[in-house]
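Shown next, in structure tokens, is the structure this report addresses.
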Amino acid sequence: MLSIALTACPSRRIVDPGFFDPEQSQRAGVLHLHCTWTEPYCGGAEPDPEQLPRPTPWRTTFFVRAASPDSTGRTAFNDPDAPLVDSVVTDADGQGTITLPTGDYLLIDRDRVDRVRHDQLLRDHAKSSASNDAADPDCLRRWLLGPFQVIRITPDDTLSLRVDEHGNCPWYSTPCVSYHGPLPP
């Protein structure tokens, strides 16, 4: 099976996955984002389907970090201590574009760029309260590190990626903290 892969791609060189291939890194590709945000429906009388929240363009910032994909090439872990490659900011229409050297990347939100939010959640939710359980440290570790989907940038090509984010109601919006308090009517 390995020989089939090698004969099918005779021009590819094997490169240490921790480093960019110098031949390919001088070539670049484009990542184009189209981001939407949908407000959550958080209770009350169920509205008509036409009145439910609809996706709207999302102005946000994503950070780009080099990835070391797993054996499938589809996912990788986020290393919050690794340097960022760049960032991409979407406009009022939810569109953002960035040119990147050929390679594998992760698209990371502000909360997972470093350990600040992770550590804050552990401190803020160290103990159970009347309506919340304590934060689950293993769950928060997975929330921070992933695995996340790998974005593969190929030379002289554009990868278009839709990011459709859906908001959570306030009582469910804290990662890895279970809410068991009263819900609104």
Side-chain angles (χ1 to χ4, degrees), residues 30-65 67 69-70 72-80 84 86-98 104-153 158-185:
V30 174
L31 173 62
H32 176 78
L33 297 177
H34 175 74
C35 300
T36 63
W37 173 264
T38 304
E39 289 292 329
Y41 170 72
C42 293
E46 188 168 339
D48 291 328
E50 299 85 39
Q51 295 172 328
L52 285 172
R54 301 263 187 244
T56 58
W58 184 27
R59 181 178 285 197
T60 189
T61 302
F62 282 104
F63 298 87
V64 181
R65 180 170 278 140
D70 65 3
T72 68
R74 294 185 196 136
T75 61
F77 286 99
N78 175 33
D79 178 358
L84 296 171
D86 209 334
S87 63
V88 57
V89 179
T90 59
D91 61 20
D93 294 324
Q95 308 288 324
T97 303
I98 185 171
D104 296 320
Y105 299 95
L106 297 177
L107 208 56
I108 304 294
D109 62 11
R110 175 78 210 110
D111 287 343
R112 293 177 246 217
V113 165
D114 52 33
R115 296 178 191 279
V116 172
R117 176 86 166 125
H118 169 271
D119 294 349
Q120 186 67 46
L121 288 169
L122 282 174
R123 282 191 301 277
D124 290 351
H125 300 282
K127 295 181 180 179
S128 296
S129 70
S131 57
N132 292 317
D133 290 338
D136 179 343
D138 291 334
C139 175
L140 277 173
R141 184 176 181 277
R142 289 187 304 274
W143 172 82
L144 175 65
L145 303 178
F148 296 100
Q149 178 181 352
V150 169
I151 297 167
R152 179 159 287 149
I153 301 298
T158 297
L159 173 63
S160 292
L161 183 64
R162 280 190 68 92
V163 178
D164 298 317
E165 191 71 24
H166 298 267
N168 289 314
C169 296
W171 46 90
Y172 296 128
S173 63
T174 306
C176 303
V177 174
S178 296
Y179 180 82
H180 49 78
L183 295 175

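Fair warning: this is a prediction, and the values are worked out from it, not measured in the lab.
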Without swapping roles, check the side chain of [X] against the backbone of [Y] for a donor-acceptor pair under 3.5 Å.
X: D93; Y: P57; result: no
X: Y172; Y: P175; result: no
X: T90; Y: T60; result: yes
X: T36; Y: T56; result: no
X: Y179; Y: S173; result: no

Quick one: are C176 and L121 in side-chain contact, heavy atoms under 4.5 Å?
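A side-chain contact under 4.5 Å is absent here.
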Beyond-backbone contact of V163 with W58, side-chain heavy atoms, under 4.5 angstrom:
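Yes. Closest side-chain heavy atoms under 4.5 Å.
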Holding to ring-ring contact (aromatic ring centres under 6.0 Å, His included), I want the full list of residues that pass it with F63, two or more places apart in sequence or in another chain.
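For F63 there are no ring-ring contact (aromatic ring centres under 6.0 Å, His included) partners, ignoring immediate neighbours.
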For D109, all residues meeting side chain to side chain donor-acceptor pair (under 3.5 Å), sequence neighbours excluded
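Only R112 meet the side chain to side chain donor-acceptor pair (under 3.5 Å) criterion with D109.
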Who passes side chain to side chain donor-acceptor pair (under 3.5 Å) against E165, sequence neighbours left out?
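So E165 forms no side chain to side chain donor-acceptor pair (under 3.5 Å) with any residue.
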I would like to know whether R110 and T61 meet side-chain contact (heavy atoms from CB on, under 4.5 Å); could you show each step before the answer?
CA-CA 7 Å; R110 175 78 210 110; T61 302; over 6 Å; no
Between [atom1] on residue [X] and [atom2] on residue [Y], distance to nearest 0.5 Å:
X: L145; Y: H118; atom1: CG; atom2: NE2; answer: 7.0 Å
X: Y105; Y: I151; atom1: OH; atom2: CD1; answer: 10.5 Å
X: I98; Y: L31; atom1: CD1; atom2: CG; answer: 7.0 Å
X: H125; Y: S178; atom1: NE2; atom2: OG; answer: 11.5 Å
X: L161; Y: C35; atom1: CG; atom2: SG; answer: 7.5 Å
X: L107; Y: L33; atom1: CG; atom2: CG; answer: 5.5 Å

Just to verify, what does [X] make a salt bridge (Lys or Arg N to Asp or Glu O under 4.0 Å) with, not counting sequence neighbours?
X: R74; result: none
X: D79; result: none
X: R162; result: D164
X: R65; result: none

Once side chain to side chain contact (heavy atoms under 4.5 Å, CB included) is applied, do any residues pair with [X], and if so which ones, sequence neighbours excluded?
X: E39; result: W37, P53
X: R123; result: D119, Q120
X: V30; result: T97, T99, T158
X: Q51; result: P47, D48

Considering non-hydrogen atoms only, spot the tightest contact between [X] and [Y] and give its length.
X: S128; Y: A134; result: OG-N, 3.3 Å
X: L159; Y: I153; result: CD2-CD1, 4.5 Å
X: P69; Y: A67; result: CD-O, 3.4 Å

Is there a side-chain contact (heavy atoms from CB on, under 4.5 Å) between S131 and W171? Walk through the geometry before answering.
CA-CA 9 Å; S131 57; W171 46 90; over 6 Å; no
Per the side chain to side chain donor-acceptor pair (under 3.5 Å) rule, what does the pair list look like for residues 132-153, sequence neighbours excluded?
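Qualifying pairs: D104-R152, D133-H180.
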